[in-house]
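Quick notes on the structure that follows.
In the text below, chain A, chain B and the rest are named by the order of the sequence lines, each starting its count at 1.
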2 protein chains.
Amino acid sequence: MSTTSPENVGLRERKKAELRTTLIDSGLRLFHEKGYEATTTEEIAACAGVSQRTFFRYFASKENVVLEAIEEVDELLCSFVRERPADEPPFRALRNAMRDHWEVLEREELHLQGSAANFISRSPELIEVNMRYCARRQSRLARVIAERAGVDPADHRPALVAAVFYATLNNGFQVWADSGCGDNTDGLLRCFLEQLDLVPEAVCGNWGRDGG
Amino acid sequence: MSTTSPENVGLRERKKAELRTTLIDSGLRLFHEKGYEATTTEEIAACAGVSQRTFFRYFASKENVVLEAIEEVDELLCSFVRERPADEPPFRALRNAMRDHWEVLEREELHLQGSAANFISRSPELIEVNMRYCARRQSRLARVIAERAGVDPADHRPALVAAVFYATLNNGFQVWADSGCGDNTDGLLRCFLEQLDLVPEAVCGNWGRDGG
DNA sequence: TTGTCTAATGTCAGCGACTGACATAATCTC
DNA sequence: GAGATTATGTCAGTCGCTGACATTAGACAA
């Protein structure tokens, strides 16, 4: 009815969409060049040819510029989760979808769009921002997991798996950052997968003083 | 050598410690009365009888007032983790320590100190602040878990368990908030335990379309 | 006690994120 | 093309937070 296709809408809508994209692109580029904290919202706005006030009419906060970029990447991850074989256990499916979707990210790395994940991972400042918004991302992922598994909407397991998944990724970020980063995103993926593979044992196992 | 005992230190140090406490108390009280966002740092400072600038010499940010309060509670949790029987699997030990330490919190609820957890749980605004700082809290908890288990410092499992633990608590917060809160913290503990108990199956199990 | 030395505080000016209010300019509708 | 909508710019202001500098209060020795 309303926005079935992004075509044939008025000039107004098209301009708005364009400006939103321009603002994101400007923001990401500046963040990349001078760092997140060192970039002011006024600069982003100026870079996109609008006033700061207009910037804040498009984004509720500076962080949201990054988030909008992440959302695309997250959407990609979700689609890969849906494509995983139905008999794969949920957490395992997430782990493998992560691996698969990384390839695509690497391949499309050169475009400004889609490079958000790598972009963030290069900037420690943004890692915190990233963490802060896991809640929002979690709920979406949880919905996908629930659909895939075909469980009751009241079931808390999908949300839990999503929460654990992102918590693990954050941990992986940390491990990767602590180990000098290496500037290569291959290492980051390896960290992610290592951590994800470690979770079942860490949570369910009886390791420690007396156990194995 | 320097601060072995908190006694017999100069007047200067004592005053500093007192002011820190006063600032935390003032902050928590104001947050409770008018809400976190609606309370300005100037008000907190004025309430403690100092200037805003002094406030910021004691706390790097407004959030940190809450954090300092949480830290005491977290320290309590850590001590309960240490007291758990050594043969208890790590994640299980966390779960039970959580249950135990809640009792103490409830009992000491009437004091302003120590009520931070319940205090936060009553204010949805602060839940986000709480989440934001899980990273800091995680690392401390991870250290305790590692010591308890006696594993190699390079082992990533303690950090993972801690990360999963806090992620689960955040999820519990969400569930509790979505279900109308109920204003009673008993419900919150129940949410926490339910979520924690669900984790092993959610992560390790093969639930969904084809699985159980 | 006095005087110095140091650390804590207050004052002030300023930056940057963010917002409300109002005027202006662009698009949409008829 | 006139009038209703909607986006944008401008301006002023709040709040979190910081640097700089002067002032005060506690520490310490003579």
Verdict with supporting geometry, R20(B) and L23(B), side chain to side chain contact (heavy atoms under 4.5 Å, CB included): CA-CA 5 Å; R20(B) 162 164 260 107; L23(B) 282 168; 5.8 Å; no
Audit row: K62(A), F31(A), side chain to side chain contact (heavy atoms under 4.5 Å, CB included) steps and yes/no: CA-CA 11 Å; K62(A) 194 169 118 181; F31(A) 293 161; 4.2 Å; yes
Side chain to side chain contact (heavy atoms under 4.5 Å, CB included) assessment of E68(A) paired with V65(A): CA-CA 5 Å; E68(A) 298 247 346; V65(A) 176; over 6 Å; no
Step-by-step side chain to side chain contact (heavy atoms under 4.5 Å, CB included) determination, I44(A) to T40(A): CA-CA 7 Å; I44(A) 301 173; T40(A) 71; over 6 Å; no
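Here dC18(C) presents its P atom at 14 Å from CD of E43(A), a figure rounded to the nearest Å. The interatomic distance linking N64(B) (CG) with dT18(D) (C1') rounds to 15 Å, in whole Å. Rounded to a whole Å, the CG atom of L11(B) is 9 Å from the C1' atom of dA25(D). If you take CD of E42(B) and C1' of dG10(C), they are 13 Å apart, rounded to a whole angstrom. Nucleotide dG16(C) holds its C1' atom 12 Å from the CD1 atom of I44(A), rounded to whole Å. Here dC15(D) presents its C1' atom at 14 Å from CD of E63(B), a figure rounded to the nearest Å. Protein atom CZ of F59(B) is 15 Å distant from nucleotide atom P of dA8(C), rounded to whole Å. In this structure, the CG atom of L23(B) is 16 Å from the C1' atom of dG16(D), given to the nearest Å.
The shortest side-chain heavy-atom distance between F165(B) and T168(B) does not fall under the 4.5 Å cut-off.
For the OP1/OP2 pair of dC15(D) and a distance below 4.0 Å, the side-chain nitrogens and oxygens of T40(B) include no atom meeting the criterion.
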Base versus backbone protein contacts along nucleotides 2-13 of chain D [heavy-atom cut-off under 4.0 Å; B, S, -]: ---BBSBBB---
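For E13(B), the side chain to side chain contact (heavy atoms under 4.5 Å, CB included) partners are V9(B), K16(B), not counting sequence neighbours.
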